[in-house]
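Taking it in order: structure first as C-alpha coordinates, then the write-up.
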Protein chains: 2
Amino acid sequence: MTADSTGRPGGGPARRRGAALEEAILRAAVDELLESGYAGLTMDKVATRAGTNKNAIYRRWPNRLALGVAAYRHLATTITPPDTGSLRGDALELLRQANRYWGSPLGAILRDLLAAAGGAPEFLARLREQSGDAAAAPWLTILGRAVARGEAAPEALHPRVATVAMALLRDEFVVRGVPAAPDEVIVEIVDEVYLPLVRGRAPS
Amino acid sequence: MTADSTGRPGGGPARRRGAALEEAILRAAVDELLESGYAGLTMDKVATRAGTNKNAIYRRWPNRLALGVAAYRHLATTITPPDTGSLRGDALELLRQANRYWGSPLGAILRDLLAAAGGAPEFLARLREQSGDAAAAPWLTILGRAVARGEAAPEALHPRVATVAMALLRDEFVVRGVPAAPDEVIVEIVDEVYLPLVRGRAPS
DNA sequence: CGTTTAAGGTACTCGCCGTACCCTAAATCG
DNA sequence: CGATTTAGGGTACGGCGAGTACCTTAAACG
(Lines give C-alpha, C1' and ligand atoms only; values in the text may rest on other atoms or scores of the structure.)
Protein backbone atom coordinates (compact mmCIF):
# COMPACT_ATOMS: atom_id res chain seq x y z
CA MET A 1 0.00 0.00 0.00
CA THR A 2 2.65 2.45 -0.90
CA ALA A 3 0.45 4.01 -3.55
CA ASP A 4 0.22 7.70 -3.01
CA SER A 5 -2.65 8.24 -5.44
CA THR A 6 -0.77 11.07 -7.03
CA GLY A 7 -0.06 9.40 -10.30
CA ARG A 8 3.63 9.55 -9.70
CA PRO A 9 5.71 6.46 -8.95
CA GLY A 10 5.46 5.37 -5.37
CA GLY A 11 7.96 7.08 -3.19
CA GLY A 12 9.56 8.81 -6.16
CA PRO A 13 10.64 12.40 -6.05
CA ALA A 14 8.52 14.01 -3.44
CA ARG A 15 7.83 17.01 -5.59
CA ARG A 16 8.09 17.27 -9.35
CA ARG A 17 8.93 20.51 -11.05
CA GLY A 18 9.17 22.04 -14.49
CA ALA A 19 9.01 19.73 -17.45
CA ALA A 20 8.29 16.61 -15.45
CA LEU A 21 5.26 18.16 -13.87
CA GLU A 22 4.15 19.67 -17.13
CA GLU A 23 4.18 16.31 -18.80
CA ALA A 24 2.30 14.74 -15.94
CA ILE A 25 -0.40 17.36 -16.26
CA LEU A 26 -0.66 16.90 -19.98
CA ARG A 27 -0.85 13.15 -19.64
CA ALA A 28 -3.60 13.54 -17.11
CA ALA A 29 -5.44 15.92 -19.40
CA VAL A 30 -5.12 13.51 -22.29
CA ASP A 31 -6.47 10.65 -20.21
CA GLU A 32 -9.32 12.80 -19.05
CA LEU A 33 -10.12 13.81 -22.61
CA LEU A 34 -10.18 10.20 -23.73
CA GLU A 35 -12.29 9.16 -20.81
CA SER A 36 -14.83 11.95 -20.61
CA GLY A 37 -14.31 14.14 -23.63
CA TYR A 38 -13.78 17.86 -23.53
CA ALA A 39 -16.98 18.41 -21.61
CA GLY A 40 -15.62 16.25 -18.83
CA LEU A 41 -12.23 17.89 -18.77
CA THR A 42 -12.33 19.84 -15.56
CA MET A 43 -9.38 21.57 -14.05
CA ASP A 44 -9.98 19.94 -10.71
CA LYS A 45 -10.05 16.45 -12.13
CA VAL A 46 -6.91 17.00 -14.17
CA ALA A 47 -5.14 18.39 -11.15
CA THR A 48 -6.17 15.48 -8.98
CA ARG A 49 -5.27 12.95 -11.63
CA ALA A 50 -1.85 14.48 -12.11
CA GLY A 51 -1.33 14.50 -8.38
CA THR A 52 -1.05 18.24 -8.20
CA ASN A 53 -3.38 21.18 -7.93
CA LYS A 54 -4.90 23.82 -10.12
CA ASN A 55 -2.18 26.33 -9.36
CA ALA A 56 0.34 24.33 -11.30
CA ILE A 57 -2.01 24.17 -14.26
CA TYR A 58 -2.95 27.81 -14.33
CA ARG A 59 0.69 28.72 -14.10
CA ARG A 60 1.13 27.05 -17.50
CA TRP A 61 -2.14 27.48 -19.38
CA PRO A 62 -4.41 30.45 -19.05
CA ASN A 63 -7.66 28.53 -19.10
CA ARG A 64 -9.41 25.27 -19.71
CA LEU A 65 -9.60 25.63 -23.45
CA ALA A 66 -5.87 26.20 -23.80
CA LEU A 67 -5.21 23.09 -21.77
CA GLY A 68 -7.69 21.14 -23.86
CA VAL A 69 -6.07 22.21 -27.09
CA ALA A 70 -2.62 21.39 -25.77
CA ALA A 71 -3.78 17.97 -24.68
CA TYR A 72 -5.49 17.32 -27.98
CA ARG A 73 -2.30 18.03 -29.83
CA HIS A 74 -0.80 15.06 -28.05
CA LEU A 75 -3.35 12.84 -29.67
CA ALA A 76 -2.28 13.65 -33.17
CA THR A 77 -2.46 10.83 -35.62
CA THR A 78 -0.25 11.04 -38.61
CA ILE A 79 -2.03 10.09 -41.77
CA THR A 80 -0.15 8.00 -44.25
CA PRO A 81 -1.54 8.38 -47.73
CA PRO A 82 -2.87 5.10 -49.05
CA ASP A 83 -1.68 3.72 -52.37
CA THR A 84 -4.25 1.38 -53.77
CA GLY A 85 -3.26 1.90 -57.37
CA SER A 86 -6.29 3.94 -58.38
CA LEU A 87 -7.37 7.41 -57.46
CA ARG A 88 -10.83 6.17 -56.65
CA GLY A 89 -9.47 3.59 -54.25
CA ASP A 90 -7.14 6.08 -52.59
CA ALA A 91 -9.84 8.69 -52.20
CA LEU A 92 -12.31 6.22 -50.75
CA GLU A 93 -9.71 5.01 -48.34
CA LEU A 94 -8.77 8.50 -47.18
CA LEU A 95 -12.41 9.43 -46.72
CA ARG A 96 -13.16 6.28 -44.79
CA GLN A 97 -10.24 7.00 -42.53
CA ALA A 98 -11.50 10.50 -41.92
CA ASN A 99 -14.98 9.18 -41.37
CA ARG A 100 -13.79 6.74 -38.75
CA TYR A 101 -11.84 9.45 -37.06
CA TRP A 102 -14.61 12.01 -36.89
CA GLY A 103 -17.06 9.40 -35.79
CA SER A 104 -14.78 8.28 -32.99
CA PRO A 105 -14.49 9.88 -29.55
CA LEU A 106 -11.47 11.73 -30.86
CA GLY A 107 -13.60 13.35 -33.49
CA ALA A 108 -16.11 14.43 -30.89
CA ILE A 109 -13.30 15.96 -28.88
CA LEU A 110 -12.08 17.86 -31.88
CA ARG A 111 -15.54 19.16 -32.60
CA ASP A 112 -16.03 20.28 -29.02
CA LEU A 113 -12.71 22.07 -29.06
CA LEU A 114 -13.53 23.78 -32.33
CA ALA A 115 -16.79 24.80 -30.78
CA ALA A 116 -15.25 26.07 -27.58
CA ALA A 117 -12.72 28.06 -29.54
CA GLY A 118 -15.74 29.77 -31.04
CA GLY A 119 -13.76 31.30 -33.85
CA ALA A 120 -10.74 32.53 -31.95
CA PRO A 121 -8.16 32.38 -34.72
CA GLU A 122 -5.26 31.54 -32.45
CA PHE A 123 -6.84 28.39 -31.11
CA LEU A 124 -8.24 27.37 -34.45
CA ALA A 125 -4.84 27.68 -35.99
CA ARG A 126 -3.34 25.36 -33.43
CA LEU A 127 -6.09 22.85 -34.02
CA ARG A 128 -5.79 23.11 -37.75
CA GLU A 129 -2.17 22.08 -37.57
CA GLN A 130 -3.44 18.67 -36.57
CA SER A 131 -6.69 18.19 -38.33
CA GLY A 132 -6.85 20.51 -41.28
CA ASP A 133 -3.52 21.32 -42.78
CA ALA A 134 -2.02 17.97 -41.94
CA ALA A 135 -4.97 16.34 -43.62
CA ALA A 136 -4.47 18.27 -46.84
CA ALA A 137 -1.08 16.80 -47.65
CA PRO A 138 -2.23 13.22 -48.25
CA TRP A 139 -4.78 14.46 -50.76
CA LEU A 140 -2.13 16.22 -52.75
CA THR A 141 -0.04 13.09 -52.61
CA ILE A 142 -2.66 10.75 -53.97
CA LEU A 143 -3.72 13.30 -56.55
CA GLY A 144 -0.14 13.75 -57.65
CA ARG A 145 0.14 10.05 -58.28
CA ALA A 146 -3.17 10.07 -60.11
CA VAL A 147 -2.00 12.87 -62.37
CA ALA A 148 1.14 10.91 -63.11
CA ARG A 149 -1.02 7.94 -64.07
CA GLY A 150 -3.17 10.13 -66.24
CA GLU A 151 -6.22 9.65 -64.05
CA ALA A 152 -6.59 13.28 -63.21
CA ALA A 153 -6.04 16.58 -64.91
CA PRO A 154 -2.92 18.43 -63.77
CA GLU A 155 -5.00 21.52 -63.06
CA ALA A 156 -6.62 19.65 -60.21
CA LEU A 157 -3.37 19.76 -58.28
CA HIS A 158 -4.56 22.70 -56.28
CA PRO A 159 -5.21 22.58 -52.53
CA ARG A 160 -8.79 23.73 -52.80
CA VAL A 161 -9.63 21.20 -55.48
CA ALA A 162 -7.61 18.38 -54.02
CA THR A 163 -9.31 18.55 -50.64
CA VAL A 164 -12.86 19.00 -51.83
CA ALA A 165 -13.89 15.52 -50.80
CA MET A 166 -12.61 15.94 -47.28
CA ALA A 167 -14.31 19.28 -46.93
CA LEU A 168 -17.60 17.80 -48.05
CA LEU A 169 -17.40 14.95 -45.61
CA ARG A 170 -16.47 17.27 -42.77
CA ASP A 171 -19.39 19.45 -43.64
CA GLU A 172 -21.61 16.40 -43.51
CA PHE A 173 -20.48 15.87 -39.94
CA VAL A 174 -21.11 19.41 -38.94
CA VAL A 175 -24.55 19.55 -40.42
CA ARG A 176 -25.84 16.07 -39.78
CA GLY A 177 -24.21 15.25 -36.51
CA VAL A 178 -22.17 12.76 -34.74
CA PRO A 179 -22.76 9.30 -36.13
CA ALA A 180 -20.32 8.32 -38.80
CA ALA A 181 -21.57 8.97 -42.29
CA PRO A 182 -22.88 5.91 -44.08
CA ASP A 183 -20.57 4.52 -46.70
CA GLU A 184 -22.99 5.49 -49.46
CA VAL A 185 -22.32 9.12 -48.68
CA ILE A 186 -18.62 8.56 -49.09
CA VAL A 187 -19.07 6.74 -52.36
CA GLU A 188 -21.37 9.47 -53.57
CA ILE A 189 -18.91 12.19 -52.72
CA VAL A 190 -16.17 10.40 -54.58
CA ASP A 191 -18.17 9.30 -57.62
CA GLU A 192 -20.48 12.24 -58.08
CA VAL A 193 -18.21 15.05 -57.11
CA TYR A 194 -14.59 14.29 -56.59
CA LEU A 195 -13.69 12.12 -59.52
CA PRO A 196 -15.67 14.12 -62.07
CA LEU A 197 -14.08 17.27 -60.75
CA VAL A 198 -10.47 16.19 -60.87
CA ARG A 199 -10.88 14.26 -64.07
CA GLY A 200 -12.39 17.20 -65.80
CA ARG A 201 -15.38 15.31 -67.05
CA ALA A 202 -19.09 15.43 -66.40
CA PRO A 203 -20.61 13.68 -63.39
CA SER A 204 -21.80 10.24 -64.40
CA MET B 1 -43.16 55.39 -13.22
CA THR B 2 -45.79 52.82 -14.01
CA ALA B 3 -43.22 50.56 -15.63
CA ASP B 4 -43.26 47.18 -14.02
CA SER B 5 -40.01 46.04 -15.57
CA THR B 6 -41.65 42.80 -16.62
CA GLY B 7 -41.65 43.40 -20.29
CA ARG B 8 -45.38 43.35 -20.40
CA PRO B 9 -47.47 46.45 -21.02
CA GLY B 10 -47.92 48.56 -17.95
CA GLY B 11 -50.83 47.46 -15.90
CA GLY B 12 -51.91 44.87 -18.46
CA PRO B 13 -53.06 41.45 -17.51
CA ALA B 14 -51.56 40.79 -14.16
CA ARG B 15 -50.58 37.28 -15.10
CA ARG B 16 -50.11 35.86 -18.58
CA ARG B 17 -50.67 32.21 -19.35
CA GLY B 18 -50.26 29.72 -22.12
CA ALA B 19 -49.45 31.03 -25.54
CA ALA B 20 -49.09 34.64 -24.47
CA LEU B 21 -46.46 33.76 -21.92
CA GLU B 22 -44.74 31.39 -24.27
CA GLU B 23 -44.38 34.09 -26.87
CA ALA B 24 -43.07 36.52 -24.32
CA ILE B 25 -40.42 34.03 -23.27
CA LEU B 26 -39.41 33.34 -26.84
CA ARG B 27 -39.19 37.02 -27.62
CA ALA B 28 -37.02 37.53 -24.58
CA ALA B 29 -34.82 34.64 -25.62
CA VAL B 30 -34.50 36.02 -29.13
CA ASP B 31 -33.52 39.44 -27.80
CA GLU B 32 -31.01 37.86 -25.51
CA LEU B 33 -29.54 35.83 -28.36
CA LEU B 34 -29.17 38.92 -30.50
CA GLU B 35 -27.68 40.90 -27.68
CA SER B 36 -25.30 38.41 -26.14
CA GLY B 37 -25.25 35.36 -28.37
CA TYR B 38 -25.89 31.86 -27.24
CA ALA B 39 -23.16 32.04 -24.64
CA GLY B 40 -24.99 34.89 -23.00
CA LEU B 41 -28.35 33.21 -23.10
CA THR B 42 -28.94 32.35 -19.47
CA MET B 43 -32.19 31.05 -18.13
CA ASP B 44 -32.22 33.65 -15.40
CA LYS B 45 -31.78 36.52 -17.80
CA VAL B 46 -34.45 35.26 -20.14
CA ALA B 47 -36.84 34.78 -17.25
CA THR B 48 -36.19 38.26 -15.94
CA ARG B 49 -36.47 39.81 -19.35
CA ALA B 50 -39.75 38.07 -20.02
CA GLY B 51 -41.00 39.19 -16.65
CA THR B 52 -41.41 35.70 -15.37
CA ASN B 53 -39.28 33.04 -13.74
CA LYS B 54 -37.40 29.92 -14.67
CA ASN B 55 -40.26 27.65 -13.76
CA ALA B 56 -42.32 28.86 -16.66
CA ILE B 57 -39.42 28.22 -19.00
CA TYR B 58 -38.57 24.77 -17.78
CA ARG B 59 -42.22 23.81 -18.00
CA ARG B 60 -41.91 24.37 -21.78
CA TRP B 61 -38.35 23.52 -22.73
CA PRO B 62 -36.25 20.88 -21.06
CA ASN B 63 -33.02 22.82 -21.05
CA ARG B 64 -31.12 25.81 -22.29
CA LEU B 65 -30.20 24.33 -25.63
CA ALA B 66 -33.80 23.53 -26.50
CA LEU B 67 -34.77 27.09 -25.69
CA GLY B 68 -31.88 28.39 -27.75
CA VAL B 69 -32.85 26.32 -30.75
CA ALA B 70 -36.48 27.37 -30.46
CA ALA B 71 -35.47 30.99 -30.26
CA TYR B 72 -33.13 30.68 -33.21
CA ARG B 73 -35.91 29.33 -35.34
CA HIS B 74 -37.64 32.66 -34.91
CA LEU B 75 -34.76 34.34 -36.64
CA ALA B 76 -35.17 32.44 -39.88
CA THR B 77 -34.39 34.32 -43.05
CA THR B 78 -35.94 33.09 -46.22
CA ILE B 79 -33.53 33.01 -49.10
CA THR B 80 -34.75 34.10 -52.47
CA PRO B 81 -32.68 32.66 -55.29
CA PRO B 82 -30.97 35.39 -57.29
CA ASP B 83 -31.37 35.60 -61.05
CA THR B 84 -28.45 37.43 -62.55
CA GLY B 85 -28.67 35.74 -65.91
CA SER B 86 -25.58 33.59 -65.53
CA LEU B 87 -24.85 30.65 -63.31
CA ARG B 88 -21.61 32.22 -62.22
CA GLY B 89 -23.35 35.37 -61.13
CA ASP B 90 -26.06 33.48 -59.32
CA ALA B 91 -23.62 31.22 -57.53
CA LEU B 92 -21.43 34.11 -56.46
CA GLU B 93 -24.44 35.94 -55.19
CA LEU B 94 -25.73 33.00 -53.19
CA LEU B 95 -22.33 32.37 -51.69
CA ARG B 96 -21.89 35.99 -50.78
CA GLN B 97 -25.26 35.96 -49.09
CA ALA B 98 -24.28 32.90 -47.11
CA ASN B 99 -20.95 34.44 -46.29
CA ARG B 100 -22.56 37.55 -44.94
CA TYR B 101 -24.93 35.48 -42.89
CA TRP B 102 -22.33 33.20 -41.33
CA GLY B 103 -20.07 36.13 -40.65
CA SER B 104 -22.83 38.00 -38.89
CA PRO B 105 -23.82 37.58 -35.26
CA LEU B 106 -26.58 35.29 -36.46
CA GLY B 107 -24.03 32.99 -37.98
CA ALA B 108 -22.10 32.90 -34.74
CA ILE B 109 -25.27 31.97 -32.92
CA LEU B 110 -25.94 29.18 -35.37
CA ARG B 111 -22.44 27.87 -34.97
CA ASP B 112 -22.68 27.92 -31.20
CA LEU B 113 -25.96 26.08 -31.32
CA LEU B 114 -24.57 23.47 -33.67
CA ALA B 115 -21.70 23.09 -31.30
CA ALA B 116 -23.85 22.84 -28.21
CA ALA B 117 -26.02 20.25 -29.90
CA GLY B 118 -22.83 18.25 -30.15
CA GLY B 119 -24.26 15.86 -32.68
CA ALA B 120 -27.65 15.18 -31.13
CA PRO B 121 -29.61 14.40 -34.29
CA GLU B 122 -32.89 15.79 -32.99
CA PHE B 123 -31.50 19.25 -32.40
CA LEU B 124 -29.46 19.24 -35.55
CA ALA B 125 -32.51 18.33 -37.55
CA ARG B 126 -34.42 21.28 -36.20
CA LEU B 127 -31.53 23.57 -36.99
CA ARG B 128 -31.13 22.15 -40.44
CA GLU B 129 -34.67 23.09 -41.30
CA GLN B 130 -33.49 26.66 -41.21
CA SER B 131 -29.95 26.65 -42.35
CA GLY B 132 -29.29 23.50 -44.31
CA ASP B 133 -32.30 22.16 -46.13
CA ALA B 134 -33.79 25.55 -46.75
CA ALA B 135 -30.50 26.61 -48.23
CA ALA B 136 -30.40 23.71 -50.68
CA ALA B 137 -33.46 24.72 -52.64
CA PRO B 138 -32.06 27.94 -54.10
CA TRP B 139 -29.10 26.05 -55.45
CA LEU B 140 -31.31 23.65 -57.30
CA THR B 141 -33.27 26.59 -58.61
CA ILE B 142 -30.32 28.45 -60.06
CA LEU B 143 -28.83 25.24 -61.39
CA GLY B 144 -32.10 24.33 -63.04
CA ARG B 145 -32.09 27.63 -64.88
CA ALA B 146 -28.47 27.12 -65.84
CA VAL B 147 -29.22 23.72 -67.28
CA ALA B 148 -32.05 25.23 -69.28
CA ARG B 149 -29.61 27.81 -70.64
CA GLY B 150 -27.11 25.10 -71.46
CA GLU B 151 -24.61 26.38 -68.94
CA ALA B 152 -24.57 23.22 -66.92
CA ALA B 153 -24.85 19.53 -67.54
CA PRO B 154 -28.21 18.04 -66.60
CA GLU B 155 -26.45 15.41 -64.49
CA ALA B 156 -25.43 18.16 -62.12
CA LEU B 157 -29.03 18.55 -61.02
CA HIS B 158 -28.42 16.44 -57.96
CA PRO B 159 -28.59 17.78 -54.39
CA ARG B 160 -25.09 16.75 -53.48
CA VAL B 161 -23.59 18.30 -56.58
CA ALA B 162 -25.77 21.38 -56.58
CA THR B 163 -24.86 22.37 -53.04
CA VAL B 164 -21.16 21.68 -53.22
CA ALA B 165 -20.23 25.34 -53.18
CA MET B 166 -22.26 26.04 -50.09
CA ALA B 167 -20.81 23.05 -48.29
CA LEU B 168 -17.30 24.20 -49.09
CA LEU B 169 -17.91 27.67 -47.81
CA ARG B 170 -19.53 26.38 -44.65
CA ASP B 171 -16.57 24.13 -44.11
CA GLU B 172 -14.32 27.13 -44.49
CA PHE B 173 -16.16 28.74 -41.61
CA VAL B 174 -15.90 25.72 -39.41
CA VAL B 175 -12.23 25.26 -39.99
CA ARG B 176 -10.98 28.81 -40.22
CA GLY B 177 -13.21 30.53 -37.74
CA VAL B 178 -15.38 33.48 -37.31
CA PRO B 179 -14.46 36.27 -39.69
CA ALA B 180 -16.25 36.24 -42.99
CA ALA B 181 -14.33 34.53 -45.74
CA PRO B 182 -12.55 36.90 -48.10
CA ASP B 183 -14.17 37.30 -51.46
CA GLU B 184 -11.28 35.56 -53.17
CA VAL B 185 -12.23 32.37 -51.44
CA ILE B 186 -15.73 32.64 -52.80
CA VAL B 187 -14.52 33.32 -56.30
CA GLU B 188 -12.11 30.45 -56.03
CA ILE B 189 -14.79 28.05 -54.92
CA VAL B 190 -16.99 29.06 -57.80
CA ASP B 191 -14.36 29.19 -60.51
CA GLU B 192 -12.10 26.34 -59.50
CA VAL B 193 -14.64 23.91 -58.19
CA TYR B 194 -18.25 24.67 -58.74
CA LEU B 195 -18.40 25.75 -62.35
CA PRO B 196 -15.99 23.11 -63.60
CA LEU B 197 -17.95 20.51 -61.73
CA VAL B 198 -21.41 21.34 -62.99
CA ARG B 199 -20.25 22.17 -66.46
CA GLY B 200 -18.53 18.87 -66.80
CA ARG B 201 -15.28 20.39 -67.97
CA ALA B 202 -11.82 20.66 -66.55
CA PRO B 203 -10.95 23.33 -63.98
CA SER B 204 -9.52 26.38 -65.68
C1' DC C 1 -68.45 29.43 -6.44
C1' DG C 2 -65.33 25.83 -6.04
C1' DT C 3 -61.87 23.18 -8.20
C1' DT C 4 -58.14 22.56 -11.18
C1' DT C 5 -54.32 24.32 -13.54
C1' DA C 6 -50.48 27.05 -14.27
C1' DA C 7 -47.74 31.28 -13.06
C1' DG C 8 -44.90 33.84 -9.52
C1' DG C 9 -41.49 34.04 -5.91
C1' DT C 10 -37.68 32.21 -3.73
C1' DA C 11 -34.35 29.66 -2.10
C1' DC C 12 -31.30 26.01 -2.74
C1' DT C 13 -27.98 22.35 -4.49
C1' DC C 14 -24.37 21.32 -7.42
C1' DG C 15 -20.58 21.72 -10.47
C1' DC C 16 -16.93 24.17 -12.07
C1' DC C 17 -13.97 28.07 -13.37
C1' DG C 18 -10.67 31.09 -11.85
C1' DT C 19 -8.12 33.41 -7.87
C1' DA C 20 -5.90 34.32 -3.44
C1' DC C 21 -2.96 32.95 0.40
C1' DC C 22 0.04 30.75 2.93
C1' DC C 23 3.19 26.93 3.67
C1' DT C 24 7.01 24.01 2.09
C1' DA C 25 10.29 21.52 -0.94
C1' DA C 26 13.60 21.98 -4.51
C1' DA C 27 16.97 24.42 -7.10
C1' DT C 28 20.50 27.91 -7.16
C1' DC C 29 24.18 30.75 -5.69
C1' DG C 30 27.50 33.02 -2.67
C1' DC D 1 27.15 24.25 2.97
C1' DG D 2 23.81 27.55 4.36
C1' DA D 3 20.86 31.38 2.59
C1' DT D 4 17.86 32.92 -0.85
C1' DT D 5 14.89 32.47 -4.65
C1' DT D 6 11.59 29.89 -7.18
C1' DA D 7 7.82 26.96 -7.91
C1' DG D 8 4.70 23.27 -6.21
C1' DG D 9 1.06 21.82 -2.64
C1' DG D 10 -3.06 22.57 0.12
C1' DT D 11 -7.00 24.77 0.66
C1' DA D 12 -10.54 27.90 0.78
C1' DC D 13 -13.35 31.01 -1.54
C1' DG D 14 -16.06 34.07 -4.87
C1' DG D 15 -18.89 33.95 -8.67
C1' DC D 16 -21.92 32.23 -11.95
C1' DG D 17 -25.25 29.52 -14.08
C1' DA D 18 -28.06 25.12 -14.69
C1' DG D 19 -31.65 22.76 -12.94
C1' DT D 20 -34.94 21.55 -8.83
C1' DA D 21 -38.20 21.98 -4.94
C1' DC D 22 -41.93 24.01 -2.74
C1' DC D 23 -45.17 27.01 -1.58
C1' DT D 24 -48.29 30.86 -2.66
C1' DT D 25 -51.56 33.01 -5.73
C1' DA D 26 -54.02 34.19 -9.86
C1' DA D 27 -56.61 32.64 -13.88
C1' DA D 28 -59.64 29.43 -16.29
C1' DC D 29 -63.29 26.25 -16.29
C1' DG D 30 -67.36 23.92 -14.82
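As the structure is a prediction and not an experimental result, all values here were calculated from the model. Chain identifiers are assigned alphabetically (A, B, ...) following the order of the sequence lines, protein sequences preceding nucleic acid strands; residue numbering begins at 1 within each chain.
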NZ/NE/NH1/NH2 to OD/OE distance under 4.0 Å, Arg176(B) and Asp171(B): no

What does the inter-axis angle of the helix from dC1(C)-dG30(D) to dG30(C)-dC1(D) come out as, five pairs per end, nearest 10 degrees? 10°

Identify the heavy atoms of Leu124(B) and Val175(A) that sit nearest to each other, and give their distance. CB-O, 4.0 Å

With a 4.0 Å cut-off, would you call Arg170(A) and Glu172(B) a salt bridge? no

Out of dA7(D), dA7(C), dG10(D), whichever nucleotide has its closest atom nearest the side chain of Arg59(A): dA7(D)

Its contact letters, B for base, S for sugar-phosphate only and - for none at protein heavy atoms under 4.0 Å, make nucleotides 13-23 of chain C read ---SBBBBB--

Atom CG of Asn53(A) and atom C1' of dA25(C) are separated, to the nearest Å, by 14 Å

Sequence-distant partners of Tyr194(A), ring-ring contact (aromatic ring centres under 6.0 Å, His included), two or more places apart: Trp139(A)

Checking side-chain contact (heavy atoms from CB on, under 4.5 Å) between Leu169(A) and each of Val190(A), Leu94(A), Leu95(A), which is the one that passes? Leu95(A)

Is it true that a side-chain atom of Arg160(B) and a backbone atom of Val193(A) form a donor plus acceptor pair closer than 3.5 Å? no

Ile25(A) CD1 - dG8(D) C1' separation (whole Å): 10 Å

From the list Arg59(A), Arg27(A), Arg60(A), side chain to side chain donor-acceptor pair (under 3.5 Å) partner of Glu22(A) resolves to Arg60(A)

Between the main-chain N or O of Ala91(A) and the side-chain N or O of Arg96(A), is there a donor-acceptor pair closer than 3.5 Å? no

Taking CD1 from Ile57(A) and C1' from dG10(D), how many angstroms apart are they, rounded to a whole number? 14 Å

